[in-house]
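Indexing begins at 1, ligand by ligand and atom by atom, following the structure's order.
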Amino acid sequence: MSSGIAAIATPAEIAKYEPVIGLEVHVQLNTHTKIFCGCPVGFGAPPNTNVCPVCLGLPGALPVLNRKAVEMAIQAALALHCRVNPFSRFARKNYFYPDLPKGYQISQYDQPLAEHGHLEILVGGVAKRIGVTRVHMEDDAGKSIHDGFKDSDRYTYVDLNRSGTPLIEIVSEPDMRGPDEVYEYLSELKQVMQYVGVSECDMEKGQLRCDANVSVRLKGVEEFGTKAEVKNLNSFRFAKMAVDYEISRQVAVLESGGKIEQETRSYNVATGETVGMRSKEDAHDYRYFPEPDLAPLRIGEEWLVRLRDAMPELPADKRRRFIESYGLREYDVQVLTAARGVSDYFEKAAAVAGDARTAANWVIGDLLGALQGADVSASPVAAGELGELVRLIAKGEISGKMAKEIFAKMFASGESAQSIIEREGLRQISDTDSLAKIVDEVIAKSAKQVEQYKSGKTGVLGYLVGQVMKATQGQANPAVVNDLLKAKLS
Ligand code: ADP
Ligand code: ZN
Ligand code: MG
């Protein structure tokens, strides 16, 4: 249990220590059915309706491994650059809990699905590799729902719809050195899982859950300190805040001569503190043994190659390619690749536009702005249509300013740029003959400004261009008008 020592260390005290953090992340796989039975996986169904003898843990019911779950787990492992073991095994992890009807979880222990991977994160603009120790498969437990506040009026309900939902656990090496790295690791991990399509990682639905192992050591000391595990962090922000608090707490304990207990703690969102829950159980407490009802999992080379070939481009590779082949800026690339759908949209638009940088600006500024956080798949303007709009600007058929208006109309109605331009006669006037006539008229009407220009006040050119734009209701190509005016006045 936690000592009563003041939780917060001073910045000077904290500066003497280096934090060491390793994360255990559970990711729910995106299968239609559960890992060992055919019950649907869903969220929000009436309690205890998506259940059968297997996921209820009834005596004699036998598990059957879901092939799709294995394939997703393998692809997740490959995306984390893990070595997938040709032979792995399920194991029973025994513990008692009301929402665990079997009395054990089917997990993997000494022979996990995959090992020796890594995930690259950016730390202050510099790439850093965080080791991934292992990726293993397991089933989820049900849910206990606590209701009522007074002892006399307190019930706990058990909903077993979630029991048997396929999970992977991703265990990192203790390679993170601060709360920011934790945040980066989780963000990158979520992005990779979403790209590969193995999970939506919706944290509000519990599809990604994180436990943080935290220790501190005096700077310069090689040996790790004793760690505490902070359980069930259900947002990246909370994970970062909990780790931050935990570092400070541990430093305060050590600085006042105490020692860190190896324990499991939980983060209290309301107070921003971590509190001790129980001393950490050891592996032997779980009485792990090989699962007798499931055959070992053998993964042949051919299957592995097929799954590897079906993998999409990973976010890190995509970011590199966008910078190299489109010449985009780092920040723009971050925005464009945050979601796979947006990056696909951009590439389609850029191909039609013939100008990737302008297309990128339109996607980032105008499209994402108009979408107001909605998914790009809901965009009323298709990628090719936005690309066409950008192509018309590049060709000089419409001005950038006209394009903004046209885009707003496209977004509101779903109409194409071409049809809006035709209907509203919005074409930009670039042809010199018709513009020359208007330029002559403006010059004739602006004797004073023409004189000023000729006496060296070249700034009045802007006024003259403005007059031509006005006369053409904004449809003249300003660059052409500029050139014409200069030529005629020199
Ligand atoms: P346990 O046996 O307690 O489960 P493991 O060695 O399996 O511990 O590690 C569990 C997690 O804790 C891993 O993510 C690992 O990186 C992390 N970890 C291990 N030792 C430390 C430490 N001293 N400080 C911080 N994290 C650690
Ligand atoms: Zn079932
Ligand atoms: Mg362990």
Within 6.0 angstrom of R209 CZ, more than 12 heavy atoms from elsewhere: yes
According to the interplanar angle, ranging from 0 to 90°, do the rings of Y95 and Y286 count as parallel (below 30°), tilted (30 to 60°) or perpendicular (above 60°)? perpendicular
For F224, counting its heavy atoms only, list the atoms of ligand 1 lying under 4.0 Å from any of them. 23 (N)
Of R298, R308, R67, the residue whose pairing with W303 passes side-chain contact (heavy atoms from CB on, under 4.5 Å): R67
Under the side-chain contact (heavy atoms from CB on, under 4.5 Å) rule, what do S88 and Q108 come out as? Steps first, then yes or no, please. CA-CA 8 Å; S88 64; Q108 295 188 300; 3.3 Å; yes
Atoms in ligand 1 flagged as close to P174, the criterion being non-hydrogen separation under 4.0 Å: 16 (O), 26 (N), 27 (C)
In ligand 1, which numbered atoms sit nearer than 4.0 Å to a non-hydrogen atom of L23? 14 (O)
L113: which of N85, I168, I299 passes side-chain contact (heavy atoms from CB on, under 4.5 Å): I299
Does CZ in F224 sit with more than 12 non-hydrogen atoms of other residues, nucleotides or ligands closer than 6.0 Å? yes
Take the angle between the ring planes of Y109 and Y288 and call it parallel below 30°, perpendicular above 60°, tilted in between. parallel
For ligand 1, is any non-hydrogen atom under 4.0 Å from V20's backbone (N, CA, C, O), its side chain (CB onward), both, or neither? both
Filtering S172, P19, G225 for the heavy atom nearest atom 13 (C) of ligand 1 leaves S172
Given that the side chain starts at C-beta and the backbone is N, CA, C, O, which of these parts of T133 lies under 4.0 Å from ligand 1, counting heavy atoms, or is it both or neither? neither
Heavy-atom distances under 4.0 Å are what count here, so tell me which part of E173 touches ligand 1: side chain, backbone, both or neither. backbone
Taking only non-hydrogen atoms of V171 and a 4.0 Å limit, the atoms of ligand 1 in range are 13 (C), 14 (O)
Given the Zn ion (ligand 2) as the apex, I'd like the angle to SG of C55 and SG of C52, rounded to 10 degrees. 110°
Give yes if a backbone or side-chain nitrogen or oxygen of V214 is under 3.5 Å from a nitrogen or oxygen of ligand 1, and no if not. no
